[in-house]
Amino acid sequence: MALQYRYAPHGIEEKWQKQWESKQAFHCTEDASRPKYYLMEMFPYPSGRIHMGHVRNYSIGDVMARFRRMQGYNVLHPIGWDAFGLPAENAAIKNNTHPAKWTYANIDYMRSQLKRMGYSYDWQREVATCRPEYYRWEQEFFLKCLKKNLVYRKKASQNWCPCCHTVLANEQVIDGKCWRCDSVVEQKDLTQWFFRITAYADELLADLAKLEGGWPSRVLTMQNNWIGRSTGAEISFPLEGRYESVKVFTTRADTLYGVTFLTLAPEHPLVESLIKGRENEAAIREFIERTRNMDRLDRQSETLEKEGVFTGAYCLHPITGERVPIWLGNFVLAEYGTGAVMAVPAHDQRDFEFARKFGIPIKVVINPEGASLDPAAMDAAFTESGVLVDSREFSGMPSPAGREAIIRKLEAEGKGKATVNYRLRDWNISRQRYWGAPIPVVYCEKCGMQPVKEEDLPVLLPLDVKTCEDGRSPLPDTPSFVQAVCPCCGGPARRETDTMDTFVESSWYFARYTSARKEDAPFDEDALRYWLPVDQYVGGVEHAILHLLYARFFTKMLRDCGYLPKGLDEPFKRLLTQGMVLLGGSKMSKSKGNIVDPDAMVEKYGADTVRLFCLFAAPPERDFDWTDSGIEGAYRFVNRVWHMFSEMQDVLSPVSACSDMSASSSASVRALRLAEHAAVKKVGEDIADRNQFNTAIAAIMELLNAISLYRAELSGSEDGRRALSSAMSSVLTLLYPFTPHMCEEIWQELGHEKELDTEVWPQWKPEALSTDTVTVVVQVNGKLRGRIDAPAGSDKEALVKAALADSAVARHLDGKTIVKTVVVPEKLVNIVVR
RNA sequence: GCCGGAAUGGUGGAAUUGGUAGACGCAGCGGACUCAAAAUCCGCCGGGUUCACGCCCUUGAGGGUUCAAGUCCCUCUUCCGGUACCA
């Protein structure tokens with residue numbers, strides 16, 4: 001059967017997809033005889049249909065997967081569904097259906113879309129996090145964590161999204177708004193479950209060093225900042241006339257002698273007892289109420305006017321014993337440090353403003369090197385390091401030494417200690433929503449909170465419920481779910497009706513993929529040891545903190561609970577964060593109506609073209625604008641390959657890529673061979689080492705241009721036809737990871753016996769890249785003045801001699817004196833003249 | 001404010017270790033084929049100057065290092081991302 005002149009993608013793509021499916025071509029099992037490569041993209045939320053962002057993400061991953069297979073790796077390339085979550089509930093309410101029904105229908109449709117794209121997944125490992133077979137293990141992890149005190153329950157002021165009717169983790173609050181629906185987040189006192197992620201703060205921070213080189217540096221920086229480690233001291237200020245003291249955290253112990261007041265957050269637990277019975281108690285309470293009711297966004301804004309009120313209470317300076325007034329301030333955060341700060345107005349800008357406003361003394365204890373500050377003349381705090389003054393025996397010390405010495409003194413006297421503070425908070429995982437994994441505990445009136453017994457897992461999420469109109473969870477109103485038996489006393493108990501944050505499911509799915517069908521345990525130990533860690537992870541940078549931090553934490557936590565192998569400290573060795581697909585310069589979004597639907601594009605151009613364009617348009621990390629002319633260009637290239645093969649079919653034979661040539665080959669054969677081997681080298685390096693798919697494709701285009709150039713001339717000879725055939729085989733092999741369907745089809749038409757997906761990546765040969773003569777650039781004073789052809793391997797003297805003989809060069813040397821010559825062998829001669 | 005990143009033709013982007021700036025595309029222009037168009041194929045394509053060979057300028061701006069700078073250093077501008085009363 002002859003190839004048709006025009007490329008008609010659809011039948012061909014369907015044909016190969018069916019074949020891959022029936023062969024289970026991309027199913028893999030552990031095989032100690034081959035090196036493994038675990039490649040994973042972030043799994044999608046089953047929102048309904050895939051969008052261009054998915055297509056880009058999964059096309060990048062598929063190129064890597066197919067490439068590594070050809071390189072001889074045993075590749076694990078899985079896919080699954082991040083299937084719990086709010087949109088399912090909201091859609092169910094809107095469309096009067098059930099979240100489960102909606103979710104599974106979406107999964108079915110989206111699976112068919114992914115298959116139409118021709119991605120090489122091991123479909124036998126597909127997971128959906130909303131299935132009990134998946135989340136039951138999560139419940140087991142929860143119980144294990146409970147035993148190890150890595151998960152706990154506490155009442156605290158929480159981020160509450162009034163629109164989603166649920167609390168949010170700190171990581172899910174963006175600019176004071178809900179990460180999902182953009183509603184302004186409120187504060188609410190609630191008892192919630194927390195993962196003790198702060199127990200891993202130091203390791204999460206330290207292990208970022210292990211990821212250097214493999215992860216984008218900005219992601220490492222973001223995580224570093226999010227964890228926010230600061231070293232300092234916790235210092236006790238005894239309360240006047242009481243046995244208790246107020247603890248403060250400071251990074252500037254060197255300024256201790258400059259403390260003129262203390263500021264407490266209005267929420268500080270001591271406040272109540274400090275203000276009780278004061279004559280202005282009512283006014284103070286009014287201030288506290290006003291501050292607490294403030295919008296979180298407003299309260300944390302930098303332009304917020306610093307407000308405060310004196311409590312009437314005093315504490316004592318831990319060293320001098322001086323009386324220090326205690327104030328309340330609207331800018332002090334209850335949840336950071338101890339919720340109380342020692343105020344040093346001379347050396348902290350906030351304290352400075354506060355002191356000026358309320359007429360509190362300003363005491364200078366740090367001077368800049370060689371200068372002396374006058375408090376009355378200052379218009380801003382001096383916040384840098386300097387030399388201590390007015391600080392008794394510490395005066396004269398530079399700040400860092402003073403800091404250490406003062407902390408040592410406090411420690412010796414039991415008044416304080418060196419300590420470390422983190423910005424990172426424990427992870428609140430309770431969600432007051434229905435469509436999530438149940439938290440496996442019950443509450444008994446007699447025995448209190450009791451974990452469900454492991455043998456009673458899973459705690460199934462009941463499916464026979466009706467979602468509430470207003471978005472509230474139906475679980476508390478579902479007696480068959482709520483009514484439970486206390487595992488301790490056998491009496492009646494009430495089941496926990498909060499569900500887990502969906503980020504819990506996505507924190508360990510990479511490990512489940514290694515043994516996705518295992519029924520008696522979450523993981524198969526041999527499979528874990530064989531596959532983990534993930535060699536390459538690909539996904540959007542929007543998960544730089546949220547998901548990636550949680551997954552790193554889970555890895556360490558599951559390791560310590562004995563689920564993951566010891567020594568497996570990090571889940572993802574290398575991370576590629578792909579940019580967004582834009583349209584008209586802005587992010588594609590339904591509400592803006594600037595969407596390019598992948599289905600429509602596949603319909604029009606075929607999956608190969610869509611994949612190719614996504615990879616050619618820009619390097620993967622960068623955002624790119626979808627353009628009609630761009631995808632047309634990609635389509636034109638696909639057609640050009642097809643067209644060229646169909647025209648040359650009589651000339652071509654099924655030789656392998658990078659075939660050997662006879663020694664007596666003509667110059668054109670050698671030139672084409674050089675182009676072929678150069679392309680093989682470049683494409684391999686671009687994909688394997690640089691993630692530069694756009695330049696890899698450009699190199700294949702260049703090879704095709706070279707074939708086109710030599711085609712007429714070389715068709716006439718046996719040698720020439722062999723060279724053309726080899727070059728064409730290279731084009732197909734190199735292009736296969738990008739446009740697998742078309743390449744397979746042509747490969748088969750050419751008469752190759754095995755399929756391309758079993759073909760090995762071609763090996764370029766150094767001797768093919770060497771030439772008899774090289775073009776050497778000649779510069780005079782660094783400016784390009786001429787080019788000379790010189791025999792390869794010429795020595796420096798010969799190159800300079802040839803350069804000086806060049807007429808164009810000679811013109812610029814006329815009447816000048818040669819000061820120096822610089823030679824880069826095989827490349828460049830620079831003649832420096834005066 | 002602090003911490004990252006970026007800025008290259010009309011346009012998306014190349015230039016990997018300091019060594020020919022603008023690969024490969026897109027758009028545009030010219031030509032072939034065609035009754036014509038589409039498709040395809042071939043050629044041109046940073047700016048200035050020149051009949052031309054050339055010469056000069058050019059990688060956000062200004063300085064510096066170097067035989068040689070898009071690339072390294074300093075200062076600045078603009079844009080993007082993260083974070084922010086974190087004590």
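We name chains A, B, ... by the order of the sequence lines, and we start the count at 1 in each one. Being a predicted model, the structure only gives us computed values, none of them experimental.
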More than 12 heavy atoms of other residues, nucleotides or ligands under 6.0 Å from NZ of A:Lys247: is that the case?
no
Does atom CG of A:Asp814 have more than 12 heavy-atom neighbours, drawn from other residues, nucleotides or ligands, at distances under 6.0 Å?
no
Judged by modelled atom types alone, do [X] and [Y] share a side-chain donor-acceptor pair under 3.5 Å?
X	Y	result
A:Ser730	A:Glu676	yes
A:Asp254	A:Ser399	yes
A:Gln223	A:Arg552	yes
A:Thr198	A:Asp426	yes
A:Arg785	A:Asn830	no
A:Thr383	A:Gln349	no

Taking the same atom, [atom1], in [N] and in [M], what whole-Å distance lies between them?
N	M	atom1	value
B:A27	B:A39	P	10 Å
B:C73	B:U66	C1'	12 Å
B:G60	B:U77	C1'	7 Å
B:G64	B:A69	P	12 Å

Length of the [atom1]-[atom2] vector between [X] and [N], whole Å:
X	N	atom1	atom2	value
A:Leu264	B:C86	CG	P	17 Å
A:Ile687	B:U16	CD1	P	19 Å
A:Leu424	B:U83	CG	P	14 Å
A:Glu621	B:G12	CD	P	19 Å
A:Leu546	B:G82	CG	P	13 Å
A:Gln779	B:C55	CD	P	13 Å
A:Lys827	B:G18	NZ	P	12 Å
A:Asp686	B:A15	CG	P	8 Å

Which nucleotide, if any, forms a Watson-Crick or G-U wobble pair with [N], using both distances under 3.5 Å?
N	value
B:C86	none
B:G4	B:C80
B:U75	B:A61
B:G70	none
B:C55	B:G48
B:C35	none
B:C26	B:G10
B:A21	none

Earlier contact from the 5' end, RNA chain B, for A:Gly782 and A:Arg423:
A:Gly782
Closer to the 5' end of RNA chain B via nearest nucleotide, is it A:Gln692 or A:Lys820?
A:Gln692
Validate the cation-pi geometry between A:Arg423 and A:Trp226: distance from NZ or CZ to the six-membered ring centre under 6.0 Å, angle to the ring axis within 45°.
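Judged by the rule, A:Arg423 and A:Trp226 form a cation-pi pair.
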Verify the contact: side-chain N or O of [X] to OP1 or OP2 of [N], cut-off strictly under 4.0 Å; return yes or no.
X	N	result
A:Lys783	B:C57	yes
A:Thr338	B:A87	no
A:Arg785	B:C56	yes

B:G54: syn or anti, with syn meaning chi within 90° of zero?
anti
With a 3.5 Å cut-off and heavy atoms only, can you find an N or O donor on one side and an acceptor on the other between the side chain of A:Arg252 and the base of B:A87?
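For A:Arg252, whose side chain was compared with the base of B:A87, there is no donor-acceptor pair (under 3.5 Å).
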Nearest to the side chain of A:Val341, heavy atoms from C-beta on, is which of B:A14, B:U20, B:A87?
B:A87
Classify every nucleotide of nucleotides 24-31 of chain B by which part a protein heavy atom approaches to under 4.0 Å, writing B for the base, S for the sugar-phosphate alone and - for neither, in 5'-to-3' order.
BSSS----
